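To start, the structure itself, in structure tokens.
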There are 2 protein chains.
Amino acid sequence: MKNRKSVIRLSRYKNELHRFKTQGAVRIVSNDLAYAVGVTASQVRKDFSLFGISGNRRGGYKIDELIAWLNKILRKDEVQKVIIVGAGNIGSALMQYSGFAKEGIQIIAGFDIDPLKCRRVGAVSIYPLEKLNAFVRDNGIGIGILAVPENAAQPVLDIMVGAGIKGVLNFAPIRLRAPEECVINSVNLVPELENVIYFSNAVREKSE
Amino acid sequence: MKNRKSVIRLSRYKNELHRFKTQGAVRIVSNDLAYAVGVTASQVRKDFSLFGISGNRRGGYKIDELIAWLNKILRKDEVQKVIIVGAGNIGSALMQYSGFAKEGIQIIAGFDIDPLKCRRVGAVSIYPLEKLNAFVRDNGIGIGILAVPENAAQPVLDIMVGAGIKGVLNFAPIRLRAPEECVINSVNLVPELENVIYFSNAVREKSE
DNA sequence: ACATTATTGTGAATTTTGGAACAAAAAAGT
DNA sequence: ACTTTTTTGTTCCAAAATTCACAATAATGT
């Protein structure tokens, strides 16, 4: 029903809607949004219908209403406070990544085992890992980004889960195990790039 | 047939196989690999069968042979030279990301419009964007990582395509248009995190 | 040598996902 | 008022992906 893919598409619709809005549009029809995002119009309508969003049978959807709906569904009514664990290359980059702030996602703190990395990166202070538990509890944080090396990932995740984290975006290239009530979504950079390499070669070979 | 997902899984199998190998294993059965990666055993066998990898009807697959096959399929016999365009947070982080080097992917150069960013990051030199075309042609580069801001993404991609890039891993949160012969794979960080936020809330609400 | 067991490889069944098509509804025109 | 046009919402259909299930077969034990 409401699956990973449909939620991801919702985010992408939202993004394109902002773009349409800045161009002065007030209403949008499924067809145009579909083209912008790269899916079919029925897909768009189906997604909206799935989440109870309805438009008008002529004149399509009001952009402001749509954005409001999407923001509500995606919890954008409140600022989402997120921690990042691991202040290496990826972790540090994400601490400064403006895309998050733009979408109301606030990186509230970073954590790392290495005391040398417990400095400040952009607007984010990095604390020693031992402080994670108390910090998460005291601030009621639910979401974390895991950007530590492969072999540290599982133990660090366990600490996060133990502290009460309920959702993790993981960058370690490894399968993590967590209790059901904790949602894990992994971004695997190497496989994604290998995928590009594979298909760009496949395309070339087909045309030879 | 050979779809995006199956190729991504191959990468993940490879990763887990290295892990098994360092633990001293010589052979592996589909069941164990499946468990490690988090898929079903038939999925593993189907994937292998799809790419013409075969095992032994007792005793499973020889790990070394498997890794050799996967490396061949994923083009790991040669070092893959990749450029990164955009030396902001994400781009710079990827230039130093050890995961790529570990998998035989060499970041050979970076490019950016901003002259201030044309410095050196780790082992990677960053050149002005104007030099991209010549560099790509002279070095026969086929793969690029696109890590520029949203509004620069399409024009910069056009430059890359014009220079002969045939595969792109894109981090800009926007739909890109490229000729068929250029493969594009996008990693959208904000939607991925929003996905975690959505489902972690959905899980909590279900249990209330 | 033969029986037994473990495990692959694959065809069939199932589930999931996406797309086409069209009736229902709202707006616009006449 | 009513006809036409546009566009949604939804049902039905197709394709893709996944899992099931089991025959084929290779190793092992007796």
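None of the values given here were measured: they were computed from a predicted structure. Below, chain A is the first sequence line, B the second, and so on; all start at residue 1.
Judged purely by distance below 3.5 Å, without hydrogens or angles, the side chains of A:Arg4 and A:Asn185 pair a donor atom with an acceptor atom. Looking at A:Gln154 and A:Asp158, their side chains do bring a donor and an acceptor atom within 3.5 Å of each other. Checking B:Asn15 against B:Arg19 by side-chain atom types alone, no donor-acceptor pair falls below 3.5 Å.
One atom, CG of A:Asp47, and another, P of C:dG18, lie 8 Å apart when rounded to the nearest Å. Computed from coordinates, the A:Asn31 CG to C:dA21 P distance equals 14 Å when rounded to whole Å. Taking atom CG of residue B:Leu50 and atom C1' of nucleotide D:dA16, one finds them 13 Å apart after rounding to whole Å. Atom CD in A:Gln43 sits about 15 Å away from atom P in D:dG9, given to the nearest Å. In this entry the distance linking CD of A:Glu65 with P of D:dT8 reads 14 Å, nearest Å. Regarding B:Lys46, its NZ atom lies at a distance of 13 Å from the C1' atom of D:dC22, rounded to whole Å. As a whole-Å value, the separation of A:Lys62 NZ from D:dT8 P is 14 Å.
Taking the charged nitrogens against the carboxylate oxygens, B:Asp47 and B:Arg9 do have a contact shorter than 4.0 Å, which makes a salt bridge. Taking a cutoff of 4.0 Å between a charged side-chain nitrogen and a carboxylate oxygen, B:Arg175 and A:Glu16 do not qualify as a salt bridge. Under the 4.0 Å criterion applied to side-chain N and carboxylate O atoms, B:Arg75 and A:Glu205 are assigned as salt-bridge partners.
B:Ser42 comes within 4.0 angstrom of a nucleotide base, judged by non-hydrogen atoms across all strands. Residue B:Ser6 is out of contact with every strand shown, counting any heavy-atom pair closer than 4.0 Å. Contacts of A:Phe48 with the nucleic acid, taken as non-hydrogen atoms under 4.0 Å apart, are absent. At a threshold of 4.0 angstrom between heavy atoms, the contacts of A:Lys5 are confined to the sugar-phosphate backbone, with no base atom among them. Within 4.0 Å (heavy atoms only), B:Ser49 reaches sugar-phosphate atoms of the nucleic acid but no base atom. Among the protein residues, B:Asn3 comes within range of the sugar-phosphate backbone only, with heavy atoms under 4.0 Å from sugar or phosphate atoms but none that close to a base. Within 4.0 Å of A:Arg4, counting heavy atoms only, lies no atom of the nucleic acid at all.
Judged by a 6.0 Å distance limit and a 45° cone about the ring axis, A:Arg204 is not positioned over the six-membered ring of A:Phe199.
Mapping A:Val39 and B:Ser54 onto DNA chain C by nearest heavy atom places B:Ser54 at the nucleotide closer to the 5' end.
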Could you run through nucleotides 22-30 of chain C and give me one letter per nucleotide, 5' to 3': B if any protein heavy atom sits under 4.0 Å from the base, S if only the sugar-phosphate is that close, - if neither?
-BBBBBS--
